[in-house]
Amino acid sequence: MIEMTSHTNDKSPLSGVRGRILSFKSNPFVDAPEDCYDYFPDGLVVMRDGRIVDVGEYADVAPRHESLSADAIDRYEDALIMPGFIDCHTHYVQSPMIGSFGDTLLDWLNQYTFPNEIRFADKDFADNAARMFFRQILSQGTTTANVFATTYASSVDAFFEESERYGTRMICGKVLQDRNLPDALRDKDADESIALSESLLEKWHGRGRQLYAVIPRFAPTSTPRQLQLAGELYRRYADKGVYMHTHLDEAENEIEWVMSLFPDASNYTDVYDHFGLLGEHSIMAHCCIVREEEWQRLHATGCGVAHCPSSNMFLGDGEFKYWEAKKSDRQVNVGIGTDVGGCTNFSVFRQLGDAYKVAMLRGKSLDSIRSFYLATRGGAETLRFADRIGSLLPGYEADMTVINLRPSEFIEWRLNFSDSIFDKLFVLMTLSPDNLIRATYVSGNKVYDSLRPHKFLYASEIRHYNHL
Ligand code: GUN
Ligand code: ZN
């Protein structure tokens, strides 16, 4: 694991954010939902050096911090302060082709995704896409994401460089893919691809808040040799908290293809298992069509799963069944993924409205308590980060988003007819209005402010801005 060192210096100034606060502290799929969160109608988060120092009701917390001056507190009326959202699976490199008319998964990959990703060999193109991607996710309240780059080192460097400018906690890595895709995108040699991945790992893993993932795209686009070497690389760095990130059991014809390529495997999960790719830092995207024995293996090895409902509907994959993942005797950690560009937006919040509808198609529902847990602390548990992000607690990293409870005249009026904060959140996740995010904080810095002339500011620019 990365050391959780605190750089808090008692002499650094305190700052604060005041308003309604909602934060989860445990799992409502296990514990009584009403015991799983803290809600402070007039709350205060106190921060220093990018970490939370104190949180609670303003009237209790403020007197404990005499040195916290009133002008160092950002106050939000008609808003809800929550931990930043966590996107457990996305592809920043697919930002240029999001919303492409297409077909089902495998044709969509060939027709749009692969030709698009070839453009990331050009570092300038990658820089530009990374810049655009971060602006989209920060304005949607996402502060951490588990992200696919693509084949080229340029695509990884561009992403982490932009993340460093904002100071976001991000996971990314080179995509390993050495068969069944266009030549220009294909790794030409399995051993060289792993050496390149390892050199990027050494460059980026643990540098500031950046973390690295070993990423075989999915079983069909890697030779057995590449999967073997990827498993060895992952295990070599397992004690340093390096991740493994891939796709699993997304669509029927994908699963059939995997079984024809790996006829000795007993199921799709078994392919990754065979090559040593399952473990506590392994994140599997989709998992729409999963057999019982696969769930058991995912549970036993500690893998996490990213539920990507918008993408699953857009590509006609199938439905993720959270009630199967959450069977009480073999629970699997689940977070929310946007899966840009299979999905149609960059918002974790919007995924929740889709997750509800996907569950309803199967005669289940997903209430807003469990939904917002999945979007925050559930994502952090899935990414094995729940000791530092995903909740607003003392010692945690100060990543927050401020949800606007008056994004429009109509929504303001509609929310009058819902009483509890979770009833209001259900309306918001279902109607998914525009202008929903008022501000986003990363390590205590307000990197996005919907009302500021410069909506987006890098960490270094904020220091300058605050001194003007
Ligand atoms: N499976 C392999 N690659 C991809 C991808 O880029 N998107 C999705 N949704 N599934 C995949
Ligand atoms: Zn994906």
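Counting convention: from 1, in listed order, for ligands and their atoms alike. From a predicted model like this one, the values you see are computed outputs, not experimental measurements. Basis for what follows: all heavy atoms, side chains included, without hydrogens, waters or symmetry-related copies.
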Could you identify the single nearest non-hydrogen protein atom to atom 3 (N) of ligand 1 and state the distance to 0.1 Å? Arg217 NE, 2.8 Å
Side chains of Ser197 and Tyr212 only: does a donor on one sit below 3.5 Å from an acceptor on the other? yes
Please confirm whether His286 approaches ligand 1 to less than 4.0 Å, judged on its heavy atoms. yes
Decide whether a cation-pi geometry holds between Arg370 and Phe29; the criteria are a distance under 6.0 Å from NZ or CZ to the six-membered ring centre and an angle within 45° of the ring axis. yes
With nothing but distance in play, are any N or O atoms of Glu117 less than 3.5 Å from an N or O of ligand 1? no
CG of Leu105 to CG of Asn253, rounded to nearest 0.5 Å, is 7.0 Å
Here the atoms of ligand 1 under 4.0 Å from any heavy atom belonging to Leu315 are 9 (N)
Indicate yes or no: does Arg225 engage Asp178 in a salt bridge with an N to O separation below 4.0 Å. no
Side-chain heavy atoms of Phe134 within contact of Tyr92, under 4.5 Å: no
Ile411 CD1 to Lys424 NZ distance, which is reported to the nearest 0.5 Å: 12.0 Å
The reported gap from CD1 in Ile215 to CE in Met244 (rounded to nearest 0.5 angstrom) is 9.5 Å
For the residue pair Thr144 and Arg169, confirm or rule out a side-chain donor-acceptor distance under 3.5 Å. no
Polar contacts were defined as any N/O atom of the residue lying under 3.5 Å from an N/O atom of the ligand; does this apply to Asp339 and ligand 1? yes
When you draw lines from the Zn ion (ligand 2) to NE2 of His91 and to OD1 of Asp339, what angle lies between them, to the nearest 10°? 90°
Tell me which protein heavy atom sits closest to atom 7 (N) of ligand 1, plus the residue, atom name and distance to 0.1 Å. Trp108 CZ3, 3.6 Å
Backbone N/O of Gly335 and side chain of Thr382: donor-acceptor pair under 3.5 Å: yes
So does His89 have any N/O/S atom less than 2.8 Å away from the Zn ion (ligand 2)? yes
Ligand 1 to Thr113 polar contact by distance, N or O atoms, under 3.5 Å: no
4.0 Å heavy-atom contact, Asp317 with ligand 1: no
Rounded to the nearest 0.5 angstrom, the CZ-CZ distance for Phe320 and Arg362 is 12.5 Å
So the atoms of ligand 1 within less than 4.0 Å of a heavy atom of His91 turn out to be 5 (C), 6 (O), 7 (N)
Looking at the Zn ion (ligand 2), is there an N, O or S atom belonging to His247 that lies under 2.8 Å away from it? yes
Phe148 to ligand 1, any heavy atom closer than 4.0 Å: no
Heavy-atom distances under 4.0 Å decide this one: backbone, side chain, both or neither, for Leu109 against ligand 1? side chain
Within-cut-off N or O pair, Glu250 and ligand 1, under 3.5 Å: yes
